[in-house]
Amino acid sequence: MHLEGFFWVTPLLAAHALGSPHPVPVHQYPARQTTPYAPKQPPLTTPWTDKVGTNPWPEYPRPQLERADWQNLNGVWQYQNAADLNAVDSPPFGQSLAQEVLVPSCLESGLSGAASPSVHGAVTTKFTVPTSWDQNVLLHFGAVDYEATVFINGKQAGFNRGGYFHFTVDATEYISKDGDNELLVFVHDPTDSGGNVIPIGKQRIVPSHIFYTPCSGIWQSVWIESAPENHIDLLDLDANMDGEVNIYVHSSTGASTPVEVSVFDGEDEVASHEGSSDEAFSFSVSDVKLWSPDSPTLYNVTVRMGDDEIQSYTGFRTISKGEVNGVVRPLLNGEFTFMFGTLDQGYWPDGLYTAPTREAMVYDLEVLKDLGFNMVRKHIKVEPALFYRACDELGMLVIQDMPSLIPLQNVLPNEEQQTEFARQLEVLINQFKSFPSIVTWIIYNEGWGQLTDSHPEFGLTDRVRELDPSRLISSTSGWVDHGAGDFSDNHHYANPQCGSPFYSNPSSPYDPSRIGLQGEFGGIGQNVSIEHLWNVQAAIDTVIETYELDETVEAWNYRSHILLGELQDQIRRFACSGGVWTQTTDVEGEVNGLMTYDRRVKRTDQEQWRADIQGLYDAAAARSE
Ligand SMILES: *[C@@H]1O[C@H](CO)[C@@H](O)[C@H](O)[C@H]1NC(C)=O
Ligand SMILES: *[C@@H]1O[C@H](CO)[C@@H](O)[C@H](O)[C@H]1NC(C)=O
């Protein structure tokens with residue numbers, strides 16, 4: 001697994017506890033030849049593989065908290081594997097590492113240039129800070145899977161645990177304004193190895209059919225920006241159908257500081273309000289244009305706090321539940337809105353968790369929008385902020401899953417692991433609750449990692465509700481339902497059982513006190529020729545495990561039509577308020593996508609699918625009359 005014994009761990013250096021400053025190791029390391037960056041041929045490419053280059057993801061990564069003075073650190077860094085976790089105590093400062101890799105990328109992906117499984121390793125780069133910057137320097141990581149220990153110029157400057165979330169290191173005291181700064185990140189990602197029960201979603205050290213290649217390392221953008229010492233750390237922004245803006249500005253010092261908020265419709269300032277940081281306040285905007293999938297109107301927002309000024313945006317909409325003609329329904333802006341989406345996993349054959357480009361990432365959403373889908377269920381993965389920005393702009397509702405713990409062989413979390421799962425769930429809600437497109441949170445998928453005797457979903461649902469009272473919660477999507485949350489969420493393949501008076505074990509009967517949702521169905525597959533398949537024999541061997549295989553695209557479209565017709569029937573007859581079709585694309589050994597894994601083939605008969613999806617909305621509208 002590791003390439004050689006790079007880390008010469010002396011007892012002296014190994015004795016340094018995490019958190020203590022790390023001196024430059026006293027031993028002289030042999031000069032090393034660094035292998036230059038070159039993408040490795042992935043088992044399957046996409047139309048964007050060749051467009052990635054060495055300046056990936058140039059876009060500003062955090063559209064809801066954007067500062068003018070920033071610098072992207074994405075690009076070619078150096079990397080080498082480490083023997084074990086203890087290597088964090090003797091990082092290879094001031095050295096050339098074994099090979100160049102691309103940041104951001106998963107170290108297991110072809111695009112990384114490493115394409116080798118990794119559990120621990122160091123990645124380094126050098127950066128300079130513009131001499132014109134005379135404020136604090138913030139170092140941002142979009143996401144690093146799973147643990148990151150950050151060293152700047154040989155000193156430990158930060159640590160983060162959790163593979164899906166943004167974190168910031170205030171680099172000010174560690175950096176030098178003249179010349180190069182050395183940034184070294186030690187990453188540790190056990191995935192499902194070594195008795196670890198951590199949020200990993202579909203990643204597995206040994207992939208098999210519905211479980212895929214893992215992602216380790218810096219898989220989202222890294223950047224620095226200039227901000228005053230007391231700066232805005234986080235902005236909670238919720239705007240509703242009544243024109244009310246609810247806002248909470250979190251400052252870095254936590255000291256109550258005056259803030260000024262302005263809301264813009266294009267160039268026109270339509271409201272401004274003064275308040276204080278570190279406390280909630282609200283104000284109203286009159287005659288707002290509402291946000292919805294059909295009309296995804298967004299408003300720019302500027303927030304000033306002392307010398308700090310950031311750009312953000314919001315959309316005015318309200319998600320709630322209520323009875324319509326005797327059935328509990330999800331309401332968007334007060335009206336029953338049938339939510340129809342795909343199970344959207346966000347995997348790429350060339351980049352795994354990291355889409356090759358923003359354009360590629362948005363392409364998936366545009367394909368869905370074009371067919372008439374108004375929703376995606378982001379399945380046990382969390383995307384970069386720019387994904388949610390794209391959903392906000394395109395008008396795609398998002399049902400967001402918490403990444404699951406390992407579900408295998410009834411491996412359940414111990415108390416400490418459960419506490420960490422709950423902590424990361426809170427981070428998910430706090431970091432993503434300002435995106436207008438997200439309308440529902442899912443805590444557990446199909447009982448994976450869900451303690452069954454203590455029913456933790458009740459407490460977690462209360463906690464999510466406390467952190468974000470503005471959205472709906474599917475506490476258990478599929479299977480182990482004890483009555484928590486807003487949805488009675490059925491999973492069934494291939495045909496749906498949506499709000500219906502029939503169900504199959506281990507799902508539960510439809511509960512009329514909650515919203516009837518088909519959280520997963522479909523999943524029908526159709527095998528394709530090798531040039532569109534993930535060319536890994538172990539994955540190809542699992543194609544047969546697909547829920548159903550249709551021998552031709554015509555047969556697949558025929559079966560799709562039957563299944564969408566069944567769902568439509570259930571909307572007319574029963575209490576079905578939304579559905580999730582498995583899935584957007586093929587993934588590794590699964591061949592049940594609307595598109596192949598390389599996005600080069602669409603299986604969908606466009607006209608038939610558009611008509612069938614419209615039929616669902618029409619059937620739902622008839623139930624609102
Ligand atoms: C928000 O501001 C950006 C420029 O910062 C502009 O490109 C965009 O059109 C604005 N959006 C709206 C909805 O006004
Ligand atoms: C799927 O297709 C691949 C070749 O493209 C083939 O090797 C494999 O055997 C097929 N599997 C099934 C179950 O048809």
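Since the model is a prediction, treat every value here as computed from it, not as a measurement.
Classification of the W70-Y60 ring pair by plane angle, with boundaries at 30° and 60°, yields perpendicular. Note: F373 and W609 have tilted aromatic rings, judged against thresholds of 30 and 60 degrees for the angle between ring planes. Using a 30° and 60° split on the angle between ring planes, W448 and H379 fall in the tilted class, from 30° to 60°. Ring geometry, Y212 versus Y347: the interplanar angle exceeds 60°, so the pair is classed perpendicular (tilted spans 30 to 60°).
For the pair V103/T125, no side-chain contact is recorded, criterion being any heavy-atom separation below 4.5 Å from C-beta on. Residues H166 and L234 have side chains not in contact (no heavy-atom distance under 4.5 Å, counting atoms from C-beta outward). With a 4.5 Å cut-off on side-chain heavy atoms, V587 and T585 count as touching.
Considering only residues two or more places apart in sequence or on other chains, K378 meets the salt bridge (charged side-chain N to carboxylate O under 4.0 Å, His left out) condition with D344, E383. Residues satisfying the salt bridge (charged side-chain N to carboxylate O under 4.0 Å, His left out) test with D612, not counting sequence neighbours, are none. Not counting sequence neighbours, the partners of A555 by the side-chain contact (heavy atoms from CB on, under 4.5 Å) test are D550, T552. Every residue two or more places apart in sequence or in another chain that forms a ring-ring contact (aromatic ring centres under 6.0 Å, His included) with W219 is listed here: Y353. Listed by chain and residue number, nothing satisfies the salt bridge (charged side-chain N to carboxylate O under 4.0 Å, His left out) test with D189 (two or more places apart in sequence, or in another chain). Shown here are the side-chain contact (heavy atoms from CB on, under 4.5 Å) partners of D50, two or more places apart in sequence or in another chain: there are none. With sequence neighbours excluded, no residue forms a ring-ring contact (aromatic ring centres under 6.0 Å, His included) with W57. Annotation: side-chain contact (heavy atoms from CB on, under 4.5 Å) contacts of T35 (sequence neighbours excluded): Q99. Considering only residues two or more places apart in sequence or on other chains, C106 meets the disulfide bond (SG atoms under 2.5 Å apart) condition with C215. Every residue meeting the ring-ring contact (aromatic ring centres under 6.0 Å, His included) condition with Y388, not counting sequence neighbours, appears here in chain and number order: F432, F435. Remark: W348 pairs with no residue by the ring-ring contact (aromatic ring centres under 6.0 Å, His included) rule, at least two apart or across chains.
Between S96 and Q78, the side chains place no donor N or O within less than 3.5 Å of an acceptor N or O (distance only, hydrogens not considered). Between N181 and S176, the side chains place no donor N or O within less than 3.5 Å of an acceptor N or O (distance only, hydrogens not considered). Side chains of E100 and T34: a donor-acceptor N/O pair is absent below 3.5 angstrom, by distance only. Counting only N and O atoms by type, the side chains of S477 and E446 include no donor and acceptor under 3.5 Å apart. Checked by atom type, the side-chain pair T54/Y37 shows no donor-acceptor distance below 3.5 Å.
A salt bridge is absent between D350 and K51; no separation between the charged side-chain nitrogens and carboxylate oxygens falls under 4.0 Å. The pair R358-E59 does not count as a salt bridge, with every side-chain nitrogen at least 4.0 angstrom from each carboxylate oxygen.
In this structure, N300 contributes its side chain and F264 its backbone to no donor-acceptor pair below 3.5 Å. Between the Q203 side chain and the T191 main chain, no donor and acceptor come within less than 3.5 Å of each other. Formation of a donor-acceptor pair under 3.5 Å by the D598 side chain with backbone atoms of R600 is found in this model. Here the side chain of N557 pairs a donor or acceptor atom with the backbone of R603 at under 3.5 angstrom. Using a distance-only test at 3.5 Å, with no hydrogens or angles considered, a donor-acceptor pair links the side chain of T357 to the main chain of A360.
Scanning all heavy atoms of the two residues, the minimum distance from K177 to T131 falls at O-CG2, 4.1 Å.
Residues W534 and H209 place their aromatic rings such that the two centres sit no closer than 6.0 Å. Outside the 6.0 Å centre-distance limit, the rings of Y313 and W291 are not counted as a close aromatic pair.
Evaluated for a side-chain contact (heavy atoms from CB on, under 4.5 Å) with Q400, the options V439, V376, I429, L428 yield exactly one hit, L428. Remark: of the listed residues W581, Y547, Y493, W581 is the sole one forming a ring pair (Phe, Tyr, Trp, His ring centres under 6.0 Å) with F521.
For residues 363-374, the set of pairs meeting the salt bridge (Lys or Arg N to Asp or Glu O under 4.0 Å) definition, not counting sequence neighbours, comprises D364-R599, D370-R610.
Atom CD of Q537 sits in a crowded spot, with more than 12 heavy atoms from other residues, nucleotides or ligands closer than 6.0 Å.
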